[in-house]
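To keep things clear, I will list the structure first and then write my remarks on it.
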Amino acid sequence: SAGPYTVQGMSTSPGDGGRTTINSSGNINVISITVANQVWADLIVTSTNTTGTTANNFSVTGAENFFLRITTSGARASGFNCSSGSGIVLIECEFYDCVKGGASGNGGMSVTGSGNCLIFRCVSRDNNVGDTDGHGFNIVGGACHDCLSYGNGGIGYRTVSNASLTFTGCDAYNNAGDGIDLGATT
């Protein structure tokens with residue numbers, strides 16, 4: 001059945017406030033989430049894969065999933081990618097050193113499905129430096145509050161449709177492209 005279920009990292013015992021590291025060296029989506037109503041917290045997900053352009057660290061197609069204190073790096077495509085589903089919530093997450101394969105339209109964090117994504121106090125930085133496809137946040141619709149996007153090879157905050165998107169207290173600097181691009185169509 002479809003949850004809610006919680007997957008939470010730890011140091012030595014459940015609930016101790018620690019974080020678990022998951023590392024992959026394969027050309028795969030490290031974590032694929034296809035069901036709804038999941039809580040993912042206190043995880044560090046890294047990839048050391050050096051080939052391909054389509055492997056994400058998180059690949060989400062289920063709706064209404066919640067992510068708290070997730071850190072992801074090294075993905076060939078997006079560190080976090082939600083290609084379908086809505087009602088995604090991300091709080092205090094960090095996406096860096098992703099889009100290493102130069103795949104078009106990717107970002108450290110990409111939500112390109114039906115939108116309605118809420119993003120609070122998240123950071124997307126240093127994604128595909130030197131390539132214009134390394135955006136910080138690649139978003140269809142929803143809201144970003146107190147987020148930071150810097151040092152990316154592309155745009156800081158990139159919208160991928162004309163859906164409603166609200167920015168409050170967000171900052172973007174030292175990105176190779178615009179700070180915010182409200183007109184992207186792909």
Side-chain angles (χ1 to χ4, degrees), residues 2-83 85 88-103 106-113 117-131 133-139 144 146-154 156:
Y5 299 108
T6 299
V7 177
Q8 184 170 15
M10 62 183 188
S11 291
T12 57
S13 60
D16 66 7
R19 300 177 81 191
T20 297
T21 298
I22 300 168
N23 186 31
S24 171
S25 61
N27 189 19
I28 60 169
N29 291 325
V30 180
I31 296 176
S32 291
I33 303 166
T34 59
V35 295
N37 301 314
Q38 308 296 302
V39 176
W40 295 79
D42 301 317
L43 298 173
I44 299 169
V45 180
T46 64
S47 175
T48 56
N49 176 34
T50 59
T51 61
T53 61
T54 60
N56 302 295
N57 282 358
F58 275 88
S59 178
V60 181
T61 56
E64 299 176 7
N65 285 295
F66 183 87
F67 301 87
L68 176 64
R69 294 182 302 272
I70 300 297
T71 299
T72 180
S73 66
R76 299 299 294 171
S78 295
F80 181 94
N81 183 57
C82 179
S83 60
I88 304 298
V89 177
L90 297 107
I91 299 176
E92 297 174 359
C93 297
E94 182 178 18
F95 319 97
Y96 70 95
D97 193 31
C98 296
V99 199
K100 296 175 80 71
N106 283 289
M109 195 282 307
S110 278
V111 176
T112 58
C117 181
L118 300 177
I119 307 166
F120 299 93
R121 295 181 305 278
C122 292
V123 176
S124 189
R125 63 178 177 86
D126 304 316
N127 293 294
N128 202 359
V129 176
D131 188 324
D133 288 320
H135 309 300
F137 294 86
N138 201 31
I139 311 164
C144 288
D146 299 323
C147 294
L148 181 59
S149 179
Y150 67 92
N152 296 295

Tell me if a side-chain donor or acceptor on T34 pairs with a main-chain N or O of T61 at a distance below 3.5 Å. no
Just jot down the side chain to side chain donor-acceptor pair (under 3.5 Å) partners of S124, sequence neighbours excluded, or say none. N127
Any pair counted as salt bridge (charged side-chain N to carboxylate O under 4.0 Å, His left out), so long as it reaches residues 29-38, sequence neighbours left out: none
Sorted by chain and number, sequence neighbours left out, ring-ring contact (aromatic ring centres under 6.0 Å, His included) with Y150 holds for Y173
Do the side chains of Y96 and V123 get nearer than 4.5 Å, heavy atoms only? no
For the residue pair A55 and N27, what are the closest heavy atoms and their distance? CB-OD1, 3.5 Å
Of all pairs that satisfy salt bridge (charged side-chain N to carboxylate O under 4.0 Å, His left out), the ones with a partner from residues 5-34, not counting sequence neighbours: none
Hey, what do you get for CG (N138) to SG (C82), rounding to the nearest 0.5 Å? 12.0 Å
List for me each residue that meets side chain to side chain donor-acceptor pair (under 3.5 Å) alongside T72, sequence neighbours excluded, and say none if there are none. N57
Which heavy atom of S149 sits nearest to which heavy atom of G156, and what is that distance? OG-O, 3.0 Å
Out of I91, I139, I88, which one pairs with I119 under the side chain to side chain contact (heavy atoms under 4.5 Å, CB included) rule? I139
Shortest non-hydrogen contact between G107 and S78, atoms and distance: O-OG, 2.9 Å
Applying side chain to side chain donor-acceptor pair (under 3.5 Å) to T51 and not counting sequence neighbours gives N49
Is the backbone of D97 close enough, under 3.5 Å, to the side chain of D126 for a donor and an acceptor to pair up by distance? no
Here the gap from F67 atom CZ to C122 atom SG, rounded to the nearest 0.5 Å, amounts to 11.0 Å
Measure across G108 and C98 and return the closest heavy-atom pair with its distance rounded to 0.1 Å. CA-CB, 4.3 Å
How many angstroms lie between atom OG of S73 and atom CD of E94, to the nearest 0.5 angstrom? 8.5 Å
Just to verify, what does E64 make a salt bridge (charged side-chain N to carboxylate O under 4.0 Å, His left out) with, not counting sequence neighbours? none
List the residues meeting side chain to side chain donor-acceptor pair (under 3.5 Å) with T46, not counting sequence neighbours, and say none if there are none. N23
Contacts of F66 that satisfy ring-ring contact (aromatic ring centres under 6.0 Å, His included) - sequence neighbours left out: none
Side chain to side chain contact (heavy atoms under 4.5 Å, CB included) test vs N65 passes for just one of V60, L90, V35, namely V60
Can you classify the ring geometry of F58 versus W40 as parallel (below 30°), tilted (30 to 60°) or perpendicular (above 60°)? perpendicular
Using the test ring-ring contact (aromatic ring centres under 6.0 Å, His included), find all partners of F95 that sit at least two apart in sequence or belong to another chain. none
Pairs where residues 23-52 contributes a residue and the test salt bridge (charged side-chain N to carboxylate O under 4.0 Å, His left out) is met, not counting sequence neighbours: D42-R69
Taking side chain to side chain contact (heavy atoms under 4.5 Å, CB included) as the definition, give me every residue that meets it alongside A41, ordered by chain and number, with sequence neighbours left out. Q8, L68
Indicate the atoms forming the closest heavy-atom contact of N152 with G136, along with that distance. ND2-CA, 3.4 Å
Atom pair OG/CG of S110 and N56 - distance to nearest 0.5 Å: 8.0 Å
Of all heavy-atom pairs linking T53 and G101, the shortest is CG2-O, 3.1 Å
Rounding to 0.5 Å, atoms CD1 (I70) and CD (E92) come to a distance of 11.5 Å
Can any side-chain N or O of R76 pair as donor or acceptor with the backbone N or O of G52 at less than 3.5 Å? yes
Taking C-beta and beyond as the side chain, do T20 and L43 meet within less than 4.5 Å on heavy atoms? yes
Checking C147 against F137 for the side-chain contact (heavy atoms from CB on, under 4.5 Å) test, could you report, in this order, the C-alpha distance in whole Å, the side-chain angles of both residues, the deciding distance, and whether it holds? CA-CA 10 Å; C147 294; F137 294 86; 4.2 Å; yes
